[in-house]
Amino acid sequence: MCVGLPARVVRLKDKNTAVVDASGAKREVSAALLEMLAPGDYVMVHAGAAIAKITDDEEDEVADLLEDLL
């Protein structure tokens, strides 16, 4: 089973790297798979890569599900 975590883009380091905040933990991830990312966007992160843009509502839903699981 694969698990992706929602994260908010804090800043773009370069064309292919973004700094994201996932529940307070900031880290660099690959942004090579996504176009037109901007600070404030929400993304799904898996294995060190931003794999999809998500909406604020989707981020809230995933956060609620993760809280229920933990």
Side-chain angles (χ1 to χ4, degrees):
M1 178 168 102
C2 297
V3 177
L5 297 175
R8 184 179 55 84
V9 176
V10 176
R11 67 183 172 90
L12 299 174
K13 188 170 179 180
D14 58 42
K15 181 180 170 184
N16 293 318
T17 307
V19 176
V20 299
D21 181 335
S23 300
K26 291 186 176 71
R27 64 185 201 159
E28 291 183 7
V29 299
S30 171
L33 297 175
L34 302 176
E35 294 181 9
M36 298 178 54
L37 278 183
D41 285 346
Y42 284 92
V43 294
M44 189 64 63
V45 176
H46 175 69
I51 59 172
K53 277 184 163 181
I54 59 175
T55 66
D56 292 346
D57 291 338
E58 289 170 326
E59 190 278 333
D60 290 340
E61 184 178 339
V62 171
D64 290 344
L65 289 170
L66 287 174
E67 186 176 310
D68 289 346
L69 288 173
L70 300 174

Donor-acceptor pairs are to be reported for all side-chain atoms of residues 23-35 against protein atoms at under 3.5 Å, with residues two or more places apart or in another chain.
unit_1	atom_1	unit_2	atom_2	d
E28	OE1	K13	NZ	3.4
E28	OE2	K13	NZ	2.7
S30	OG	A32	N	3.3

Between A7 and A22 the two heavy atoms that sit nearest each other are CB-CB, 4.0 Å
For V9 and L12 the tightest heavy-atom approach is CG1-CD2, 4.1 Å
Counting C-beta onward and ignoring hydrogens, is there a side-chain heavy-atom pair between K53 and L37 closer than 4.5 Å? yes
So CG of D21 and CZ of R11: to nearest 0.5 Å the spacing works out to 12.5 Å
Residues joined to V10 in its hydrophobic cluster, side chain to side chain under 4.5 Å directly or through other members, sorted by chain and number, are V19
